[in-house]
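Numbers restart at 1 for each chain; the letters A, B, ... are given by sequence-line order, proteins then strands.
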Amino acid sequence: MDDTIVAISTKLGKGAISIIRLSGEKSIEIVNKLFKGKDLTKVKSHTIHYGFINDGKNDIDEVLVTIMLAPKTFTRENVVEINCHGGIAPTLKIFELLTENGARIANPGEFTKRAFLNGRIDLTQAEAVMDIISSKTENARKMALSLVEGNLKKYINTFRDKLKYLLANIEVNIDYPEYYDIEEITKEQLKETIKNLEQDLKELIKKSEERQIIKNGIKTIIIGKPNVGKSSILNTFLKEEKAIVTDIAGTTRDIVEGKIIFDGIELSLIDTAGIRKTDDVVEKIGVNKSISLIDEADLIIVVLNSNEELNESDKYILNKVKNKNPIIVLNKNDLQLKINKKDLKFKHIVSTNTNSLEGITPLKNEIKEMFKLQELQEEDYTYLSNNRQLILAKKALASLKDAKMSLLNEEPIDIIEIDLKEVFDILGTITGESYSDELLDELFASFCVGK
Amino acid sequence: MKYDVIVVGGGHAGIEASLACARLNHKTLLVTGNIDNIADMPCNPSIGGPAKGIVVREIDALGGEMAKNTDKSSLQMKMLNTKKGPAVWALRAQVDKVIYKKEMLKTLKNQKNLDIKEALVKELLINNNKVEGVLLENGEKILSKAVILTTGTYLKGAILVGDTKKSGGPHGEKASNYLSPFLKKIGFNILRLKTGTPPRIEKNSVDFTKMQEEKGSSEDITFSYDSKTALAYKYQLPCYLIYTNDKTHKIIQQHLNESSMYGGYVEGVGPRYCPSIEDKIVRFSDKERHQLFLEPESLYYDELYLQGFSTSMPYKVQEEMVHSLEGLEHAKILKYAYAIEYDAIDSKQIKPTLETKIIENLYTAGQINGTSGYEEAAGQGLIAGINASLKLENKEPLILKRNEAYIGVLIDDLVTKGVKDPYRLLTSRAEYRLLLRDDNADLRLREYGHQIGLINDEVYEKFLIKKKQIAELTNILKETKLTPTKETNEKLKELDTALLKDSITLYDLLKRPKITMKDIEKIKPLNYCSEIKKEVEINASYEGYIKKATTAALKMLDEENKKIPTDINYKEIPNIASEAIEKLEEIRPLTLGQARRISGVNPSDIEIISVYLKKRGN
């Protein structure tokens, strides 16, 4: 109980605000490292402070930080709560930064448990409370296990088992140096193993980041010729949903217009300069910029005025996005439709207006459908557990890089093995399968040694 | 006549225990079944090897005898794993069994405060759960304040060959048949363990031309920090490598059921790491050959030890097996291989001090605790002797931690995890092996040896000088700066390392990959002995890894320093899982750290105990 724990206490993506909570002696110290604002180590207990969480280079989010000093807190330890915007990406980023700076990811029910263990809850109630805690933990554990027991675990074990054999082989080489029939692991082999492992781990991390959309948000650009209602659509979005940033420093103002939380997913909306075929040099630069954004976007929304027939500029734009799976928005549907839908050979076509907030509902539904946002929401738990795994997997990858470095520096094999063993142990933590004499068992099972 | 300490058994554990007590000025009696077998090596004629060799160094650092005696009797010394890193370097000696015994007996006989008596112990004298002496099989009672049991394989020892089973010790001596039933009666759980030894071959009957010679180091390496030379330097006897073959395997398979092991005559559990040759052939049937060594046993008799060929086959089959080996076609077997079974106590019933939990002032060490190996036994014997003495002196016991010594790892494993098969130390059992090196055993432990009183002031003074020199040299390297001059960079170019842009200390240069102290000396001559230079070099080269291990160890120590009071009643602590209560009651860990290592005790249980202790004000 000497360490500091951290957890996201609100359901990710739901609501406009996320709360990240820390408990433990170093809570304030850890947050202070990341906080741009007052020196939190000097503020009074039970006070709230405005500032930014900064990763050393960039501001991640604008936050309110509540400082509560022990013992008058829920856990009777120092508690810090960070209120940040509800977007999954900034919340997770802050969470990740906190773990990188010394906080440990809390186990399910651990805050409650600390409250009990620190005597916040009377001992006479203890048994009942512990029942709840243990059942909660047990359920969570089972749930986590059943999730992990899936493909991920099988997948990890395909390379963890190989690593186990290799490590046991190295151990045998160390403990039985004169068994010439037992293969002596060479640095060449290690190099090969590390290379393969690196690939596997990177793949694993990629898998864990399968829901990258959730993490990074959907980068959306809105294009169309001038005066078709791009800005109105953007503004309608911003009015209805919670806008978190309307102006990000360091980016070009005329490109990034807004970020919103949309069904728990961050949507970065980029309103582009109106595109039309032009020979004007200055205007051409702006148009080219808009066109270049098409390639970077996760989602392209092409806005057409349904009250106008397609002109050269429209056709130019439609041609640019024809292989990009865009959503074609026929805006101003309160007016007469003058576009022949048959001319539009696109899968996603919706018609909207911006007279009311509901006017853009068809567009929103289409986005949800396209990115299967409903499904992502239901997998919240999986996602979180993946996030824990992801952090562990990244740690394993870091240890692997240490091993690679040691190999490069021509360190002896038993030294390189220290890093590889770390990788092995971390992978074991992910699958929950490691135990203390695992390597010894492998050693005696696989290698013939004796007197 | 009343003794302070009685040690029962004159093997490697008993010797160290007796010497430690006597040297700490406690009137000590060593009781042994046969004085001629004191310091006997009934199995392999070697001492040391990975992990074990470091234990021997540790014994020496603490003021024990094994290293010194090995130096006096070694026939070959070899530093193993030299191609690997310094953490796993390990010294091993081939030892002359006769000289080893002779020299050790001399040491014991010359030791003040130490008497030796030939007898078998029948029972312990116990009053109020406190040991008060021993009762011999001849009815004689000898009183003492403490007793250390180091009975080896003699507790109900039985020798197995084929379908025969005979009560007795390794050389056909009388087994001790009363003591283990007595121990059982007073509450110890008795385990039946098994080990074995290979045949001994007459040297003159061996055709060495067909064998590969295995030599030791040509340098004069000693096990002890204080020995000036090793006998091995004079003799440098080789070992010989041979292999089993298809014929050998066929013979074994044909006769498998005639072996004691496969014939179902063995009750004891054999060691996983030391399978008999029949075990190897059954378990690793796809292996075409197994490697064997012929090792010299002594200058005084004509016997070679056939390492790797331990078996419990009948004599006739053993003959066939041995004759199937290349170079041994006409070999004469002087002693046949056998399996041996013996009783041991459950090591979970002893404390990290090696005092038993049931009987006060009763200590156990060596094979009785379920270990195997001369070195493991000696290490425990020394600790038991030290702790029995310290208790007599009303002093705090010596409990070595897992980051301090292999001996610490060994004892902690024994008392925390218990054993199922005979326990052997392996480097893989140590989580901080980079800290537990061959080169730094004295730096780790000499201080303790001196505090306790087993390292005298003169030796200690020498050690302090060494420490001082290491610090000095480190400082010189840290304070000497290299500036990026043309001259410097030319030298660095010669050393095949990156050239300087900014100035750098010599210490930082030494930290660079592939840069050794020898390279540093090309830049700045250093007037220190090789031992000092090696130490500083290791510290610099592996600084990152050493730091990592130290940090991990500190985290472990933090919990290791949280003592659990001996009168704790786990049943009174609400909310601990019942399985954990059972395990905690059985092992009664001394610290939170030890509690955490018990299988079946969960992290949440540890937290609850921690809070409970806080509330109690511990």
Original post:
When you look at B:E431 and A:K421, which way does the salt bridge (charged side-chain N to carboxylate O under 4.0 Å, His left out) test go after all the steps?
Top reply: CA-CA 11 Å; B:E431 43 288 75; A:K421 213 168 157 281; over 6 Å; no

Original post:
Between B:L434 and chain A, which part of the residue has a heavy atom less than 4.5 Å away: side chain, backbone, both or neither?
Top reply: side chain

**OP:** Would you give the length of the straight line joining atom CD1 of A:I170 to atom OG1 of B:T427, rounded to the nearest 0.5 angstrom?
**Re:** 11.0 Å

Original post:
Is the number of heavy atoms from other residues, nucleotides or ligands under 6.0 Å of A:K26 NZ greater than 12?
Top reply: no

**OP:** For the pair B:K84 and A:E184, find out whether any cationic side-chain nitrogen is under 4.0 Å from an anionic carboxylate oxygen.
**Re:** yes

Original post:
Heavy-atom distance under 4.5 Å to chain A: side chain of B:R597, backbone, both or neither?
Top reply: neither

Original post:
Does A:E25 CD have over 12 foreign heavy atoms under 6.0 Å away?
Top reply: no

**OP:** Could you tell me the separation between the CD atom of A:E178 and the CZ atom of B:F293, rounded to the nearest 0.5 Å?
**Re:** 4.5 Å

**OP:** For A:K404, look at atom NZ and say whether over 12 heavy atoms of other residues, nucleotides or ligands are found less than 6.0 Å away.
**Re:** no

Original post:
Minimum heavy-atom separation for B:V88 to A:D414, with atom names?
Top reply: CG2-CG, 3.7 Å

Original post:
Picking from A:N409, A:D402, A:I174, which has the most non-hydrogen pairs under 4.5 angstrom with chain B?
Top reply: A:I174

**OP:** Would you check if the side chain of B:Q291 reaches a backbone N or O of A:Y180 as a donor-acceptor pair within less than 3.5 Å?
**Re:** yes

Original post:
Considering residues, nucleotides and ligands other than A:E188, do more than 12 of their heavy atoms fall under 6.0 Å from its CD?
Top reply: no

Subject >> Heavy-atom pairs under 4.5 Å with chain A, option from B:R512, B:K548, B:K83 with the top count >> reply: B:K548

Original post:
Relative to chain A, which segment of B:E214 carries a heavy atom at a distance below 4.5 Å: side chain, backbone, both, or neither?
Top reply: side chain

Subject >> Minimal non-hydrogen separation, A:D175 against B:P50, with atom names >> reply: O-CG, 3.5 Å

Original post:
If you measure from CD1 on A:I416 to OH on B:Y545, what distance do you get to the nearest 0.5 Å?
Top reply: 7.0 Å

**OP:** Tell me, for B:D558 versus chain A, whether the close heavy atoms (under 4.5 Å) come from the side chain, the backbone, both or neither.
**Re:** side chain

Original post:
Has A:K33 got more than 12 heavy atoms of other residues, nucleotides or ligands less than 6.0 Å from its NZ?
Top reply: yes

Original post:
Is there a side-chain contact between B:Y542 and A:P412, using heavy atoms and a 4.5 Å cut-off?
Top reply: yes

